[in-house]
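Per chain, numbering begins at 1; letters A, B, ... match sequence-line order. If you're wondering where the values come from, they're calculated on a predicted model, not measured in any experiment.
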Amino acid sequence: MRMSRLLLRTLRDAPSDAEAISHQLLVRAGYIRRAASGIYTFLPLGWQVLRNVERVVREEMDAAGAQEMLMPILQPEELWAQTGRLTTMDDILFRLEGSGGKFVLAPTHEELVTATVAGEVDSYRDLPRNVYQIQFKYRDEARPRFGLLRGREFIMKDAYSFDASQEGMRASYQLMYDAYCRIFDRLGLTYTPVEADAGAIGGDVNHEFMVPSSIGEDHFARCTKGDYAANVEAAETGGREPADTPAEPLDEHHTPGRPGIDLVVDFFSDRGLTAGAMLKCLALADADGNAVVVLVPGDREVRVPHGLRPFEDDDFDRHPELVKGYIGPMGLRESGVRVLGDHAVRAGGPWVTGANKADHHVSGATLGRDFTVAEWGSFATVADGDPCPRCGAPIELVQSVEAGHTFQLGLTYSSKIPNATFTDEEGVQHPYWMGCYGIGVSRAPAVIAEEHHDEAGLIWPVEIAPYQVHLLALGASRNAEVGAAADTLYDDLSAAGASVLYDDRDVAPGVKFADADLLGMPTQLIVGGKGLARGIVERKDRRSGERDELPLSDAVAAVAATPGSRCPEEPGLY
RNA sequence: CGGGGAGUAGCGCAGCGGUAGCGCACCUGCUUUGGGGGCAGGAGGUCGAGGGUUCAAAUCCCUCCUCCCCGACCA
């Protein structure tokens with residue numbers, strides 16, 4: 001591509017609405033432009049990057065046995081009502097009405113793909129199957145941010161596997177997991193697969209593929225010694241030794257109108273009370289309505305165990321021993337309340353906590369003397385320094401971006417979508433065992449740029465770069481030999497299969513150098529009068545900054561031998 | 001949705017009661033030619049929108065819209 005024809009304008013200053021470095025560089029270098037908050041145009045260079053991401057994803061998905069197809073974005077509301085997500089995802093759904101009824105813009109495709117496969121697959125003989133799509137998806141995010149990172153319109157690759165058994169589903173899952181590792185390797189990302197919480201999509205085992213980044217919206221916990229890694233929502237901590245705490249009498253204090261950690265800390269501010277010295281007691285109910293109280297240090301959040309739900313007002317009515325806002329652990333066992341304690345509670349105390357009496361708290365609450373715990377576990381969110389559940393070494397929290405997510409869905413969707421079943425060898429019908437596997441395709445260029453840049457601009461990994469080689473002709477308008485040599489080099493490189501961005505513009509050398517570094521192609525080839533007089537062209541490696549000289553006659557062969565990106569044969573379809 | 005900030009030329013910004021400015025970018029000419037060079041000339045604006053105050057509003061007041069940051073939320 002000749003730059004004299006390319007739709008491209010580079011900016012010296014980043015727009016003031018760009019905060020993240022990746023966002024600033026992608027805009028400055030002319031890859032993307034904002035159309036509205038969270039909605040972006042991919043200009044020619046940005047589109048090329050996106051196509052390269054898609055190419056890598058396609059190649060690895062196809063190699064793993066998944067089959068690409070295309071599903072509509074515009075979907076009838078009824079489809080979403082079947083699984084209940086019309087209401088559960090209401091806050092992010094874009095809705096519209098047409099002559100055919102009410103529609104939503106699909107935020108994801110579990111419903112439709114399940115319904116589609118349900119119409120095609122009825123026998124165990126037809127399983128397993130794995131289909132995927134690369135598509136725009138729409139979510140009315142309350143707060144789009146960081147350019148491409150979190151948009152309201154974005155492109156995702158979603159694959160869906162269908163199996164006749166749980167074992168089959170797990171095998172399909174493993175294939176996808178391995179494919180994901182290859183994909184993120186090729187995208188040049190430093191990633192960590194972490195055990196994750198299933199969230200609203202439902203299902204069982206799942207992993208997030210996290211890329212450490214300062215613009216990450218998530219954190220994962222990582223063992224500083226071993227290989228344990230988990231999303232903070234799912235991370236567990238190891239057991240702890242009981243603390244050697246000073247003896248303190250159990251005293252009751254009148255704390256009128258102060259339900260809640262912050263209010264009590266404020267009340268006792270003259271005594272230097274911190275949230276971490278308080279015992280947070282959260283009332284939960286099990287499926288039968290029985291009370292369960294979870295104890296965590298006051299500076300931690302409770303991870304509500306599966307199968308339990310937070311108390312509601314009528315739960316408190318049925319359990320007068322638990323006083324809303326003033327719950328304490330004392331005497332709960334005697335009242336028949338199951339008490340769960342986070343490991344960190346064993347290592348702390350004496351505690352300030354509720355007195356089980358309106359408008360009263362206690363201090364000096366001591367484990368073993370004043371209250372007991374029926375079951376220890378990981379019931380609190382993890383923090384830096386918590387012990388690893390496997391080896392006890394300190395855990396660290398790592399800010400990161402979710403680049404991909406794989407789920408074992410099980411029967412979550414197939415049990416709700418009509419006819420999403422197959423007949424087994426005995427003639428019995430069962431719902432499909434499903435998995436789903438997402439990659440944030442349009443987010444990827446931002447994540448990659450975040451990891452691969454320097455002060456001068458972008459540095460694309462070879463597979464992702466819009467062009468493999470950036471050819472600079474210096475002063476061609478005043479030196480016909482330079483122009484002729486660069487033209488020839490451009491033609492020969494192109495003929496040799498390299499993808500070349502050719503800076504044939506009539507601008508000063510400094511502008512070309514600055515733009516080349518900003519745009520970030522892996523290799524720069526520089527044709528100038530001085531070098532040409534000696535029969536050489538200069539080659540610069542963008543990442544290392546190293547330069548060497550190539551005889552003009554060897555340049556094509558040398559560059560063509562470099563592993564690099566190539567233009568996809570066909571454009572993507574949207 | 002709560003808190004904070006900002007909307008003036010393509011981008012970055014100044015001006016904050018007296019009728020529109022600067023840098024970069026853009027156009028013309030000259031000059032320069034290995035790291036966003038110099039000189040001269042030029043074009044480009046419903047000052048986010050609507051209403052109000054005033055002799056006079058980019059500037060003061062009200063309403064709305066948009067955008068960004070922090071938080072809440074987030075398959």
Side-chain angles (χ1 to χ4, degrees), chain A residues 8-20 23-24 27-30 33-39 80 83-86 88-93 104 106-113 137-147 149-152 154 156 158 160 196-203 206 208 215-218 231 233 301 401-402 404-407 409 412-413 436-440 443 455-457 472-479 482 503 505-519 524 526-533 537-538 540 545 547 549:
Chain A
L8 174 73
R9 157 179 264 171
T10 57
L11 304 175
R12 198 183 291 244
D13 299 306
S16 59
D17 64 8
E19 175 86 357
H23 187 191
Q24 294 179 359
V27 174
R28 280 189 55 212
R33 292 288 182 260
R34 187 177 64 75
S37 180
I39 303 176
W80 287 80
T83 56
R85 292 166 107 193
L86 189 62
T88 59
M89 294 184 78
D90 177 64
D91 51 338
I92 62 146
L93 283 178
V104 303
T108 178
H109 280 73
E110 280 83 17
E111 278 79 359
L112 184 58
V113 76
K137 312 229 168 179
Y138 294 85
R139 290 180 197 172
D140 196 2
E141 294 286 350
R143 194 178 154 204
R145 66 188 103 177
F146 297 138
L149 192 73
R150 173 167 293 261
R152 295 189 293 174
F154 56 97
M156 284 201 67
D158 264 322
Y160 301 92
D197 199 57
I201 196 167
N206 74 96
E208 288 172 336
I215 61 168
E217 300 180 293
D218 297 299
N231 184 292
E233 272 87 45
E301 295 302 314
V401 171
E402 180 184 351
H405 203 154
T406 53
F407 295 86
L409 291 175
T412 306
Y413 292 90
C436 77
Y437 317 92
I439 289 178
R443 162 182 286 193
E455 294 80 11
L472 315 190
L474 304 185
S477 64
R478 288 148 214 93
N479 183 335
V482 168
D503 194 345
R505 298 174 301 172
D506 185 15
V507 297
V511 174
K512 297 195 177 190
F513 285 127
D515 275 347
D517 287 348
L518 177 61
L519 295 178
Q524 296 172 14
I526 300 147
V527 181
K530 292 174 188 171
L532 201 58
V537 298
E538 197 173 344
K540 174 180 165 184
R547 299 159 180 270
E549 296 183 343

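- Considering only residues two or more places apart in sequence or on other chains, A:R547 meets the salt bridge (charged side-chain N to carboxylate O under 4.0 Å, His left out) condition with A:E538.
- Pairing partner, B:rC24: B:rG10, with both Watson-Crick or wobble hydrogen-bond distances short of 3.5 Å.
- Between A:P107 and A:L93, the closest side-chain pair of non-hydrogen atoms falls below 4.5 Å.
- As rounded to the nearest Å, B:rG35 and B:rA6 have C1' atoms that lie 35 Å from one another.
- Look at the C1' atom in both B:rC47 and B:rA20: the space between them is 8 Å, to the nearest Å.
- Atom CZ in A:R28 sits roughly 15 Å away from atom C1' in B:rG10 (whole-Å rounding).
- Pairing for B:rU53 is absent, judged as Watson-Crick or G-U wobble with the two contacts each under 3.5 Å.
- Along RNA chain B, the nucleotide nearest to A:E141 and the one nearest to A:L474 differ in position, and the one closer to the 5' end is contacted by A:L474.
- Atom P of nucleotide B:rC74 and atom CZ of A:F407 are separated by 13 Å, given to the nearest angstrom.
- One distance of note links CD1 of A:I92 with CG of A:D140; it measures 8.5 Å at 0.5 Å rounding.
- Distance, A:L8 CG to B:rC11 C1': 14 Å, rounded to whole Å.
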Taking only nitrogen or oxygen atoms into account, show me every contact under 3.5 Å that the protein makes with nucleotides 24-26 of chain B, one pair per line with its distance.
unit_1: B:rC24; atom_1: O3'; unit_2: A:R12; atom_2: NH2; d: 3.4
unit_1: B:rC24; atom_1: O2'; unit_2: A:R12; atom_2: NE; d: 3.2
unit_1: B:rA25; atom_1: O2'; unit_2: A:R9; atom_2: NH2; d: 2.9

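- Set against B:rC70, B:rG36, B:rG34, the side chain of A:R143 has B:rC70 as its closest nucleotide.
- Between A:S16 and B:rC11, a side-chain N or O to OP1/OP2 separation shorter than 4.0 Å is absent.
- The nucleotide whose nearest atom lies closest to any side-chain atom of A:R34 is, among B:rC67, B:rG36, B:rG34, B:rC67.
- Going from the P atom of B:rG7 to that of B:rC60 covers 11 Å, rounded to whole Å.
- Scanning both residues, A:T108 and A:W80, for their nearest heavy atoms gives O-CZ2, 3.4 Å.
- Counting non-hydrogen atoms under 4.0 angstrom, A:A14 reaches the backbone sugars and phosphates but no base.
- Between A:L519 and A:T10, some side-chain heavy-atom pair lies under the 4.5 Å cut-off.
- A:H23 pairs by the ring pair (Phe, Tyr, Trp, His ring centres under 6.0 Å) definition with A:Y40, not counting sequence neighbours.
- With a 6.0 Å radius and a threshold of 12 heavy atoms from other residues, nucleotides or ligands, A:E301 has its CD atom at or below the threshold.
- Rounded to whole Å, the distance from CG on A:D91 to P on B:rC74 is 8 Å.
- When the nearest nucleotides of RNA chain B are assigned to A:I92 and A:E538 by heavy-atom distance, the more 5′-ward of the two goes with A:E538.
- Of the listed nucleotides (B:rG35, B:rG36, B:rC74), B:rC74 has the atom at the smallest distance from the side chain of A:R150.
- Contacts of A:N479 with the nucleic acid, taken as non-hydrogen atoms under 4.0 Å apart, are absent.
- Here B:rG12 presents its P atom at 8 Å from CG of A:L11, a figure rounded to the nearest Å.
- We find that CD of A:E19 is positioned 14 Å from P of B:rG12, with the value rounded to whole Å.
- Of the inter-residue distances, the one linking A:K530 atom NZ with A:L474 atom CG reads 10.0 Å to the nearest 0.5 angstrom.
- Remark: B:rG36 base-pairs with no nucleotide in the shown strands. Criterion, Watson-Crick or G-U wobble with two distances under 3.5 Å.
- Side-chain atoms of A:T412 and A:E110, non-hydrogen and from C-beta on, never get closer than 4.5 Å to each other.
- Taking only distance into account, the side chain of A:R145 never meets the base of B:rG71 through a donor-acceptor pair shorter than 3.5 Å.
- Only the P atoms considered, B:rU46 is 37 Å distant from B:rG71, to the nearest whole Å.
- Rounding to the nearest 0.5 angstrom, the gap separating the CG atom in A:L472 from the NZ atom in A:K540 is 9.0 Å.
- Under the Watson-Crick and G-U wobble criteria, each requiring two contacts below 3.5 Å, nucleotide B:rG2 is paired to B:rC70.
- In this structure, A:G475 reaches neither bases nor backbone, as no heavy-atom distance under 4.0 Å exists between it and the strands shown.
- Taking atom CG of A:D90 as the reference point, atom C1' of B:rC74 lies 14 Å away to the nearest angstrom.
- Comparing the same atom, P, in B:rA58 and in B:rC16 gives a spacing of 14 Å after rounding to whole Å.
- Residue A:V511 places its side chain closer to B:rG37 than to any other of B:rC11, B:rC70, B:rG37.
- With both ends at atom P, the span from B:rC65 to B:rA57 equals 26 Å, rounded to whole Å.
- At a threshold of 4.0 angstrom between heavy atoms, the contacts of A:P15 are confined to the sugar-phosphate backbone, with no base atom among them.
- Nucleotides B:rU32 and B:rC69 have their C1' atoms positioned 44 Å apart, rounded to a whole Å.
- Here the separation of B:rA9 from B:rG15, taken at their C1' atoms, is 15 Å to the nearest Å.
- Spacing between atom CG of A:D515 and atom C1' of B:rG37 amounts to 15 Å, rounded to whole angstrom units.
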